[in-house]
Structure formats: structure tokens, C-alpha cells
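Reading through the C-alpha cells given below for one structure.
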There are 2 protein chains.
Amino acid sequence: MSLPHAILTALLERPSSGLELTRRFDKSIGYFWSATHQQIYRELGRLEAEGFIRALPAAQPARGQKKSWDVLPAGRAELARWTAASQEPRPHRDTLLLRMRAAAVVGTEGVEADLRRHLALHRRQLAEYREIEERDFPPGRDGAQDRLRHLVLRAGIDLETFWTRWLTHALEEFPDLPGDGTA
Amino acid sequence: MSLPHAILTALLERPSSGLELTRRFDKSIGYFWSATHQQIYRELGRLEAEGFIRALPAAQPARGQKKSWDVLPAGRAELARWTAASQEPRPHRDTLLLRMRAAAVVGTEGVEADLRRHLALHRRQLAEYREIEERDFPPGRDGAQDRLRHLVLRAGIDLETFWTRWLTHALEEFPDLPGDGTA
DNA sequence: ACATACATGTAAGTTGTTACATGATTGG
DNA sequence: CCAATCATGTAACAACTTACATGTATGT
């Protein structure tokens, strides 16, 4: 659904090889659209077959050879079409909230440790986003592209802030709770 | 992954038929773990095969006959095990943020209308959550189960609040932006 | 008797995940 | 030349989506 468009966006920002893309999907783009290298290679093949991208002719396509990909005009057009199109919000799936709901039924035994772990993960991610903000969006510069990208980063920062607060709040409630929901 | 556990939670909260479950996954549980009726029927079959649930003997299993499902002790144990187990956070995939990032490259032409539509959807969802909060969690009552379920609902409210704010902020920036990112 | 809604399912296709395979390059 | 790493892939499977199929109950 959206993976090809995530890849087109990434390649427009900077032409890359499959592995470079994979690395970029571990951060940046991957913060809101994750993908594994297998998905990426398969999708690169499809995008090439559809005439949306091409391999830069620099190196010939041998097996262990690095290949760099470039977006063709048809690919840019497809991305623009997709970006402007009306899209239904995709359904949420959040494991933590589901687990809390399950814990309300079967008891909170053993959950606390993992909540602390998740809190630490979210704090780390929040710190990383803030570093990126300081580095890439110092006060002053604000071109159109910068403003949009900053907006996306702010969403990440605010979401991680929400989760750290929510988890902190959840953990505060914990000591008072019995082990099996029998209040 | 988590669908069987979402179903076990729902059935522990209240034994239901396949279609009743489907309805409940359109709200309540579905707010943080969506599922279609096809997924649900298939998973009910698996859960029965594994001995986690059983069909209540009330009506015989004819084709158009309503069947009601009940969680067996093994099912409750499995849910408790899953709830307490350590789990990696699943990767995010957010279409709106991806589209903003794409718009930063190919231009914002045509995006605004759909952002307004999403804003309306999130406002509606937020209003619905607030109604549920007033109805189900009036000040005063707070058993252990209530507190946990309220916590989950608060997450929904805060997340929708975040999205309405973010979308409002995004739309405020729009009129100043050129159509194709050439600032 | 017919249309409609209810209720449970099947089939096919796409996407995402996990495990493995293969060649090239680099450092010791 | 050997191990480790880089780089690109294949295969098999699991999850999710979309479209369709089938039977039951109800109202007219």
C-alpha cells in the first residue's frame, strides 16, 4: 500500500542502493514507516518493472554489486498522485493498550517490568528526536520543505512525549493494584 | 501475534458469538486492535482447536446458527502468560506523516482537503471517547479494573487530542506554502 | 414468494516476517 | 587464505485484505 511511496520519497530525497535504503529505514523514514531489507528489495524490483525507478548505470548488476536507484518522472508523478489522493486512516493496532485491557481481566502480575522497559525505550527515542531537532532545525531557517519536515518531526516528539507521560502515569497506579484484579 | 489475545480478552469480558465479536471490534476493543469478521472467524476456529475456547452448547452448529463462545481455563492461562511476557514494541506505520514527508518533496498540491477530512474524523473520535468517559467513568468509582480501563481510554483521548492539535497546526502552515516546494 | 438483514464461512491475493543463500570486499 | 562484513537476493510462511458464497430469520 504505502511502502512503494515511502521508497519513492526516500529515493527522491537521495538516490540510494538497497542497503543504503535499508539503513535509512532504520531511522528517519523508518520512524513512521518501517520496512525490512527483504521488503525493500522486492519492492525495488516492482518499482523498476513499473518504470518508476531505474538503476544508475554506474556499476553493472552483478550479485554482490552495489546498485544505486534513481526516481524517473513517472515515479515522481505517481508519488504526487498518491500524496494528493484521499486516503482512509488505517486501523490502529497497539499492543500496550491491548495488554492493559487484558490485564484488567487476567491481572497485572508481571506487567510492570515490561512497562518500565517500554518507558525507557520511549524516553530514548524522545531524546533522539530532540537531538535531531536541535541539529537539523535550528531557529531561523524555515523554507517550505524545512517547515513540513519539522512538522513531521514535531509529531514524533509529541507522540513520544505522550507515551512517556502515559507510561509514567500507568506505573504510578501500579503499586496500589492487586495481582489478579480482585479489588 | 495479538489477535487471538484480543479475542480472548473480549470473550472474557463477555462471551459472544462471531458476529457480536465483530460488532465489538468495530468499537471498544477495535479502538486499539481492529479486526474484520473473516479474521475473527478464522481465529475462533484456531482458538477452539487449541482448547482455549469452546462453543456454548445452547444451539447446534448449523450454518446460519448463532454460536456463542466461552473462554476455557487454558485460554485464560494463555492470556495471562501473554500479558506478562516481555514484548518488543511493534514498528510504527503512519500514512499521514509519510504523506507530509512526501509532500515536502513533490509539493502540497491537493493535500489540504484530505487533512481537513482527517481532522474532522479525529475530532469525531475524540468526542466519542469523551462521551464514553462521562458515561462509563463518572468521578467516584475506581476499582482496579476500572482504573486500568480508564487508563486505556485516557490514552485514546490523549492520542486523538494530539492528532487534532497536530492537524490544526499543520493546516495553519498551509496557505503560506507554495504548490511544489520551490520556496 | 421475495427482498432484506443476520450470521457464518471460503478463496484468492497482497503485504509483512523469518530464515536462509550467494557473491564481493576488506582486514588480519 | 580465512573470517567477517557488505550487499543483494530467494523461499516459505504468517497475517491481513478483498471479494465472494451460503444458509437462516423476518417483514411484506
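Just so it is clear, the model here is predicted, and its values are computed rather than measured. Naming: A, B, ... by sequence-line order, numbering from 1 per chain.
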Flag yes if more than 12 heavy atoms outside B/R130 fall under 6.0 Å of its CZ atom; otherwise flag no. no
Take atom CD of A/Q39 and atom P of C/dA19, then tell me their distance rounded to the nearest Å. 15 Å
Using whole Å, report how far CG of B/L3 lies from P of D/dT17. 10 Å
Classify the side chain of A/R42 versus the base of C/dG16 as yes if they form a donor-acceptor pair under 3.5 Å and no if they do not. yes
Rounded interatomic separation in angstrom, taking CD1 from B/I40 and P from C/dC6: 16 Å
How close do A/A10 and A/F25 get, heavy atom to heavy atom, and via which atoms? CB-CE1, 4.3 Å
In terms of ring plane angle, is the pair A/H5 and A/W82 parallel, tilted or perpendicular, where the classes change at 30° and 60°? parallel
Distance check needed: D/dT17 P versus A/Q87 CD, whole Å only. 15 Å
Quickly work out the A/E20 CD to D/dT8 P distance and round it to whole Å. 8 Å
Side-chain donor-acceptor pair under 3.5 Å between A/R101 and B/S28, yes or no? yes
From CG of B/L47 across to P of C/dG9 the rounded distance in Å is 13 Å
Consider the side chain of A/L19, meaning its heavy atoms from C-beta on, and name the nucleotide among C/dT18, D/dT8, C/dA7 that approaches it most closely. D/dT8
Between B/H150 and B/F137, is the ring centroid distance below 6.0 Å? yes
Any side-chain N or O of B/S17 under 4.0 Å from OP1/OP2 of C/dA7? no
B/W33 CH2 - D/dC16 C1' separation (whole Å): 11 Å
So does B/Y41 get a side-chain nitrogen or oxygen closer than 4.0 Å to the phosphate oxygens (OP1/OP2) of C/dG9? no
Between B/Q38 and B/R46, who's closer to the 5' end of DNA chain D by nearest nucleotide? B/R46
note: B/H37, atom NE2; D/dA15, atom C1'; distance rounded to Å ~ 16 Å
Between A/R90 and B/R23, who's closer to the 5' end of DNA chain C by nearest nucleotide? B/R23
